[in-house]
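Taking it in order: structure first as structure tokens, then the write-up.
Nothing fancy with the numbering, it's 1 onward along the sequence. Because the structure is a prediction, the values reported are computed rather than measured.
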Amino acid sequence: MPFSSWAMNKLYTFGNKFYDLALTKQTERIKEKFEHLLKKQPPFERVEKKFVDFQFLTDHSDKKIQVNLEDNFKINLQCINGFIWKISFIRPEKGEYPSIIVDDKQVEYNTLEIEEETAGHLIIRPKTDKATYSKIKIYKDQAISLDILSSHVNTENNNIEFLTIFRDIKFSVRTENLLDPVHINYGYYDNGFSDWYGLGQKSGSVKKKGHKYMFWNWDSFGHVTGSDPLYQSIPFGVLSTCIEKKEGEKVLSKERLFNGLFIDNYGFQQWDLTDSDQFNAILQSQPCNCYFICNNTKNPSEITKSYEYLTGKNQMVPLWVLGYHQCRWSYCPDSEVQSICQGFREKDIPCDVMYLDIDYMEGYRDFTWSKENFPNPKEFLQWCHDRKFKVVTILDPGVKIDDQYDVYISGVNGNHFCKYENSDKLYVGSVWPGPTNMPDYTNDAVRKWWGDWYKTLIDVGVDGFWNDMNCPSVKDSPVSAGTMDDNVLHLMDAPYPSPQLHKDVHNLYGSLMAVASREGIEKFQRPLNRRSFLFARACFAGIQKVAGTWTEMLIGLSISGQLMVGADIGGFRYNCFPELYARWIQFGAIFYPYCRTHTDKFTVRQEPWSFGEEVENIARKYIKLRYQLMPLLYTLATLTHKTSEPMIKPLFYVFPQDDGVYESKWEDTQAMLGSNILVAPVLTEGHRKRQIYLPKLSNGSVWHDFFFPEMTFEGGQVITVDAALDSIPIFVRSGTIIPMRSKSADSVYELHLVPIEYKVFGNADPEVKNYLYLDDGISLDYEKGEFGLYEIIDGSGQLKLLEGNGYPSQLIISEEVNSTTDNHLTREAFDKKFY
């Protein structure tokens with residue numbers, strides 16, 4: 001490292017340590033707040049509410065049953081697709097709250113019927129001709145409790161039997177005040193092999209059992225392993241259980257089964273997963289809508305698919321989003337951005353996207369440009385486009401209080417900002433611009449107002465957008481963050497009860513800002529025949545419908561329905577160092593759906609060439625490899641959009657019946673890209689070897705080294721491999737055919753001009769399917785069938801069209817364009833279309 005870089009590194013390290021001394025640990029503050037709140041309240045004592053009667057709600061065509069309890073408590077039951085049970089616990093004098101996340105018009109509710117009724121219990125099932133489904137058993141002669149039973153095929157005799165998946169489901173309130181929080185408790189089968197996964201953005205192991213987790217969006221700046229809560233709240237979990245067949249003490253067979261839970265509540269939640277066979281949750285607010293996903297499936301991906309069925313599918317991403325992104329807080333002024341762009345092109349390192357953090361704005365005012373640093377934004381953005389770069393700009397929710405600022409003026413005049421309860425006083429929070437007002441994104445008129453402001457950025461050529469500080473995050477003091485006051489009001493859209501206190505819908509704020517942003521972006525980009533894309537920091541379940549995100553907890557988010565996820569390569573906080581950046585860029589370039597280097601302004605530079613020639617060469621090598629792999633990555637991303645199959649996933653999502661993949665040593669350090677590629681990054685400084693567990697394969701298949709396919713390994717074993725600084729262990733299962741561009745290019749769209757080659761690994765395996773998706777990657781023409789989803793038949797490039805009208809695998813630049821040949825374009829037409 002040059003002396004100047006070394007000196008700057010030491011200076012920044014000192015500055016960060018000083019800042020840490022002043023910075024209150026944010027997650028500890030919020031944890032203390034709620035622990036104090038819970039300690040002040042008396043412990044839960046079960047309110048003994050017994051079954052009174054039940055009725056079919058005729059306005060729901062017998063698709064909803066209301067169970068009436070003592071003292072006017074109610075439980076409403078609905079079944080979706082035969083396997084998902086929505087259970088809503090309703091307090092006295094309150095109606096059932098509709099879901100803001102689950103669109104009832106988009107899901108299929110089953111007609112319900114009574115299977116059995118006795119003096120002691122009632123069994124309700126969906127009316128279906130299918131042999132497999134789930135049903136609910138209600139106990140009538142005691143404090144109300146429910147069991148959910150799901151069908152299971154006995155592998156010994158192929159008979160269908162019903163297993164109790166969730167048992168003794170109970171809802172409790174405190175005896176002193178029936179409007180206090182709700183406690184949810186139930187049991188599940190555990191023989192030492194059960195575990196929880198998912199939960200979105202939660203740090204630590206892929207396994208989540210054994211800990212308590214809080215769901216409360218919080219600006220956890222400088223978070224570490226174990227920090228909780230964080231920026232996002234995704235109260236969705238995948239439950240893994242293991243059914244054993246025994247003869248005496250001898251285990252004859254084991255079968256892993258998977259089910260799930262989504263609690264659709266927008267205030268504070270705490271999940272307690274510390275008991276071996278019990279689930280406990282506390283909800284501080286209404287509603288109490290629980291979706292029990294009782295597929296009882298051997299394939300855990302089915303649980304993620306059911307969750308996405310409820311909360312929405314991922315958007316179809318533009319191809320440039322899968323390219324390499326470069327970001328820093330902040331590249332400023334415009335000449336510095338141009339210098340970085342030139343650096344990528346001169347150093348022959350592919351890059352598609354540059355980011356503008358908060359300093360591009362005039363005094364941190366949303367939808368403005370700094371007159372000093374970016375005096376001619378349209379010319380600047382055209383300069384970037386001419387060099388094949390897309391540009392993403394950041395926006396925060398806080399609108400600066402300034403009587404000369406048009407966004408603020410229109411917000412006040414339109415009554416678009418949040419106010420306090422029983423007052424006309426606007427909430428004021430301190431963010432980057434100083435005192436700000438916060439838009440009330442829970443209201444449709446406010447979302448439209450906010451979305452319309454995106455026209456000012458799209459008109460000058462901004463390509464993508466980035467919502468930050470949307471927990472919402474405000475400053476309690478210069479060195480500590482907070483959020484909006486609990487008693488701020490939100491004027492909710494009908495039919496949701498309105499108004500609501502902020503504490504009761506806090507976790508929705510970031511997601512609804514993203515909804516407002518997405519609606520505005522699409523309003524102005526769709527007429528240009530352009531796909532839009534948005535990244536959001538804070539969010540709730542269902543965010544995948546409108547935005548991607550960035551975080552280190554990639555696997556938890558991926559199996560919780562989010563496609564576009566990726567960590568800040570090199571790390572945002574603290575100084576990166578050469579070996580760390582080399583290892584990180586290797587892994588990110590191959591594995592991350594969203595591949596971006598990003599860092600704090602108080603750290604050393606983190607461009608790919610910032611750490612010396614050796615690391616620059618490594619970065620170039622793996623970013624170029626990512627671009628060659630773009631046909632594969634784009635195909636996997638599109639399949640996630642189409643089928644909800646996660647693009648990246650833990651080992652057990654592909655090999656659920658292999659006991660070896662559940663060992664934390666492998667589960668937390670290896671993962672799958674698609675279903676056929678295993679990636680095992682080096683995570684320890686100084687290591688040049690690492691151990692890897694290769695899951696068991698069938699049909700005589702073996703694992704192949706990606707870089708040296710002739711090197712093969714049997715599955716079901718631990719191997720030790722060399723991992724020099726310029727290498728990352730990657731293994732591919734037999735039967736895989738990877739579509740790759742024959743060479744890299746400066747940008748993803750230049751790859752359209754490069755032929756596709758097919759890299760074959762071993763002999764065909766009937767369990768392995770290979771696909772290729774092709775379209776232009778920029779427009780909305782795929783909605784008209786202008787795409788091709790193909791099955792790859794063999795390594796010669798023989799393709800079978802499965803969907804769409806087809807699309808050429810290579811475009812050709814020609815000044816003599818044959819109008820009947822759709823893969824020939826002039827250079828001018830090509831550049832106009834893609835840049």
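- Donor-acceptor pairing under 3.5 Å is recorded for the side chains of Glu308 and Ser644.
- When the shell of 6.0 Å around NZ of Lys127 is examined, it contains 12 or fewer heavy atoms from other residues, nucleotides or ligands.
- Glu302 places no side-chain N or O within 3.5 Å of a backbone atom of Asn295 that could act as its donor or acceptor partner.
- Note: Leu651 CG to Glu663 CD = 11.0 Å, rounded to the nearest 0.5 Å.
- Asn76 is not listed as a side-chain neighbour of Phe89, based on a closest heavy-atom distance of 4.5 Å or more.
- In terms of modelled atom types and a separation under 3.5 Å, the side chain of Asp195 and the main chain of Lys209 share a donor-acceptor contact.
- Not counting sequence neighbours, Tyr309 has no partner by the ring-ring contact (aromatic ring centres under 6.0 Å, His included) test.
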Practice task
Report the C-alpha separation of Val206 and Ile555 in whole Å, then their side-chain angles, then the decisive distance to 0.1 Å, and conclude whether the side-chain contact (heavy atoms from CB on, under 4.5 Å) test is met.
Solution key: CA-CA 7 Å; Val206 173; Ile555 295 300; 4.2 Å; yes

Problem - Steps toward side-chain contact (heavy atoms from CB on, under 4.5 Å) verdict (Leu554, Ile648) - result: CA-CA 8 Å; Leu554 306 185; Ile648 59 173; 4.0 Å; yes

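- Between the side chain of Gln269 and the main chain of Asn265, a donor-acceptor pair closer than 3.5 Å is present.
- In this model, a donor atom of one side chain and an acceptor atom of the other lie less than 3.5 Å apart for Asn280 and His183.
- Listed for the Asp219 side chain is no donor-acceptor partner under 3.5 Å among the backbone atoms of Gly482.
- The closest side-chain heavy-atom distance from Lys419 to Phe417 is not below 4.5 Å.
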Exercise for the section: List the steps, then state whether ring pair (Phe, Tyr, Trp, His ring centres under 6.0 Å) holds for Phe162 with Tyr133. Expected result: CA-CA 9 Å; Phe162 281 84; Tyr133 56 90; 5.1 Å; yes

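- A distance below 6.0 Å separates the ring centres of Tyr186 and Phe292.
- When atom types are taken as modelled, the side chain of Lys202 and the backbone of Met214 share a donor-acceptor pair closer than 3.5 angstrom.
- When every heavy atom of Leu283 is checked against every heavy atom of Cys288, the shortest pair comes out as CD1-SG, 3.8 Å.
- Proximity of a side-chain donor or acceptor of Thr164 to a complementary backbone N or O of Leu149 within less than 3.5 Å is not detected.
- Side chain of Asp277 to main chain of Tyr189: no donor-acceptor pair is present (N/O by atom type, distance under 3.5 Å, no hydrogens or angles).
- The shortest distance between side-chain heavy atoms of Thr483 and His506 falls below 4.5 Å.
- Using a 4.5 Å cut-off on side-chain heavy atoms (C-beta onward), Leu261 and Tyr291 make no contact.
- Using modelled atom types and a 3.5 Å distance limit, the side chains of Gln232 and Thr549 yield a donor-acceptor pair.
- With hydrogens and angles left out, the side-chain atoms of Trp85 and Ser134 include a donor and acceptor closer than 3.5 Å.
- There is no side-chain donor-acceptor pair under 3.5 Å between Asn154 and Asn159.
- Between the side chains of Lys74 and Asn72, at least one donor-acceptor pair of N or O atoms lies under 3.5 Å.
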Problem - ring pair (Phe, Tyr, Trp, His ring centres under 6.0 Å) evaluation trace for Phe73 with Phe171 - result: CA-CA 11 Å; Phe73 282 84; Phe171 299 91; over 10 Å; no

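- In this model, no donor atom of one side chain and acceptor atom of the other lie less than 3.5 Å apart for Asn299 and Thr297.
- A cation-pi arrangement is absent between Arg167 and Tyr188, since the terminal nitrogen or guanidinium carbon is not both under 6.0 Å from the aromatic centre and inside a 45° cone about the axis.
- A donor-acceptor contact closer than 3.5 angstrom links the side chains of Asn68 and Gln55.
- Interatomic distance, CG of Leu508 versus CD1 of Ile100, reported as 5.0 Å (0.5 Å rounding).
- Rounding to the nearest 0.5 Å gives a distance of 11.0 Å between CD1 of Ile543 and CG of Leu557.
- Side-chain contact annotation: Lys649 with Ser558, donor-acceptor N/O pair under 3.5 Å absent.
- Across all non-hydrogen atoms, the minimal contact from Gln544 to Ser560 is OE1-O, 4.5 Å.
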Exercise for the section: Determine, step by step, whether Phe268 and Phe215 satisfy the ring pair (Phe, Tyr, Trp, His ring centres under 6.0 Å) criterion, reporting the C-alpha distance in whole Å, the side-chain angles of both residues, the deciding distance to 0.1 Å, and the verdict. Expected result: CA-CA 6 Å; Phe268 174 83; Phe215 296 95; 8.8 Å; no

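- Contact of the Lys86 side chain with the Lys64 side chain is not registered, since no non-hydrogen atoms from C-beta on lie closer than 4.5 Å.
- Of all the heavy atoms in Gly260 and Ile303, the pair that sits closest is CA-CG2, 3.9 Å.
- By the 30° and 60° cut-offs, the orientation of the rings of Phe279 relative to Trp271 is perpendicular.
- The line from CG of Asp168 to CG of Leu146 is 9.0 Å long, rounded to the nearest 0.5 Å.
- Taking the side chain as every heavy atom from C-beta outward, Phe652 and Arg256 never approach each other to under 4.5 Å.
- Glu667 has its side chain out of reach of Val661: every pair of non-hydrogen atoms, C-beta onward, lies at least 4.5 Å apart.
- Residue Lys298 qualifies as open at atom NZ: its count of foreign heavy atoms under 6.0 Å is 12 or below.
- One N or O on the side chain of Ser511 and one on the backbone of Phe540 form a donor-acceptor pair closer than 3.5 Å.
- Donor-acceptor pairing under 3.5 Å is recorded for the side chains of His490 and Asp440.
- Side chain of Asn487 to backbone of Glu421: no donor-acceptor contact under 3.5 angstrom is found.
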Exercise for the section: Test side-chain contact (heavy atoms from CB on, under 4.5 Å) on Tyr509 and Asn217 and set out the steps. Expected result: CA-CA 9 Å; Tyr509 191 86; Asn217 292 356; over 6 Å; no

Practice task
Just do the side-chain contact (heavy atoms from CB on, under 4.5 Å) check on Lys137 and Tyr139 with the steps written out, would you?
Solution key: CA-CA 7 Å; Lys137 183 176 184 178; Tyr139 293 92; 3.7 Å; yes

Practice task
Might you work through the salt bridge (charged side-chain N to carboxylate O under 4.0 Å, His left out) test for Lys207 and Asp668, ending with a clear yes or no?
Solution key: CA-CA 8 Å; Lys207 288 184 173 73; Asp668 289 339; over 6 Å; no

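- Around NZ of Lys212, the count of heavy atoms belonging to other residues, nucleotides or ligands within 6.0 Å does not exceed 12.
- Between Gln142 and Lys50, every side-chain heavy-atom pair lies at or beyond the 4.5 Å cut-off.
- Taking CD of Glu161 as the reference point, atom OG of Ser150 lies at 11.0 Å (rounded to 0.5 Å).
- Exactly one residue among Ile169, Ile138, Val52 makes a side chain to side chain contact (heavy atoms under 4.5 Å, CB included) with Ile144. That residue is Ile138.
- Below 30°, between 30° and 60°, or above 60°: for Phe56 and Phe54 the angle between ring planes is above 60°, a perpendicular geometry.
- Relative ring orientation between Tyr266 and Tyr496 is described as tilted, the plane-to-plane angle lying within the 30° to 60° band.
- A donor-acceptor distance shorter than 3.5 angstrom exists from the side chain of Asn443 to the backbone of Leu491, with no hydrogens or angles considered.
- Side chains of Asn289 and Ser88: a donor-acceptor N/O pair is present below 3.5 angstrom, by distance only.
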